[in-house]
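Presented below is the structure to which this report refers.
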Amino acid sequence: PVPLPLTNVSAAFRIMHEYASLYGGDDAIVAVPMGPKTHVLASLILAQVVPRVSCLHAMGKRANPVPVSATGKIVGCMLRYS
């Protein structure tokens, strides 16, 4: 597990990019983002920027769902592709 900020997509992306650069060598890296949405977005952006990174979509149900309360924080970001 890699601790990532919950409300900062660019910081989460930078940390994930650093880990992808440091570890793995030439091996493929598969991300399976399960949430929160900021981490899913950062994983998808990483997969677009780094060719050896791909994202998988996992779907399923938990027998006992974990109750998660909303924090009330709204996160927005703007992407620029150049």
Side-chain angles (χ1 to χ4, degrees):
V2 177
L4 299 171
L6 293 175
T7 59
N8 191 330
V9 176
S10 61
F13 168 80
R14 280 194 301 272
I15 293 168
M16 290 167 47
H17 190 273
E18 183 176 321
Y19 272 87
S21 299
L22 291 175
Y23 304 105
D26 293 329
D27 296 335
I29 297 173
V30 179
V32 185
M34 302 298 284
K37 289 175 178 59
T38 51
H39 294 175
V40 173
L41 179 58
S43 298
L44 292 170
I45 297 168
L46 182 67
Q48 288 184 334
V49 173
V50 181
R52 64 191 183 92
V53 175
S54 59
C55 284
L56 290 180
H57 173 74
M59 211 164 74
K61 293 184 179 183
R62 293 180 183 218
N64 298 317
V66 179
V68 178
S69 301
T71 63
K73 294 182 181 180
I74 296 174
V75 178
C77 64
M78 180 172 57
L79 299 177
R80 284 190 215 156
Y81 289 96
S82 17

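The structure presented is a predicted model; accordingly, all values stated were derived computationally and were not measured. Hydrogens, waters and symmetry mates are skipped; everything else that's a heavy atom, side chains included, is used.
Residues V53 and H17 form no side-chain contact, since every pair of their non-hydrogen atoms from C-beta on lies 4.5 Å or further apart. You'll find the side chain of F13 reaches within 4.5 Å of the side chain of V49, heavy atoms only. Within the 4.5 Å cutoff, the side chain of V68 has heavy atoms near those of the V66 side chain. No side-chain heavy atom of V32 sits less than 4.5 Å from a side-chain heavy atom of C55. Side-chain contact check for T7 versus T38: every heavy-atom pair is 4.5 Å or farther apart. Within the 4.5 Å cutoff, side-chain heavy atoms of M16 are placed close to those of L4.
V50 and V40 sit in two unconnected hydrophobic clusters of ILVMFWY residues. Membership requires side-chain heavy atoms under 4.5 Å apart, directly or through other members. The hydrophobic cluster containing L44 does not contain L6, counting ILVMFWY residues as joined when their side-chain heavy atoms lie under 4.5 angstrom apart, directly or transitively.
A donor-acceptor contact shorter than 3.5 Å is absent between the side chain of R52 and the backbone of D26.
The nearest pair of heavy atoms linking P5 to H39 is O-NE2, 3.0 Å.
Atom-to-atom distance recorded for M59:CE and M34:CE is 11.0 Å, nearest 0.5 angstrom. Interatomic distance, OH of Y23 versus CD of E18, reported as 8.5 Å (0.5 Å rounding). For the atom pair CG of L46 and CD1 of I15, the computed distance is 12.0 Å after rounding to the nearest 0.5 Å. To the nearest 0.5 Å, the span separating SG on C77 from CG on L41 amounts to 5.0 Å.
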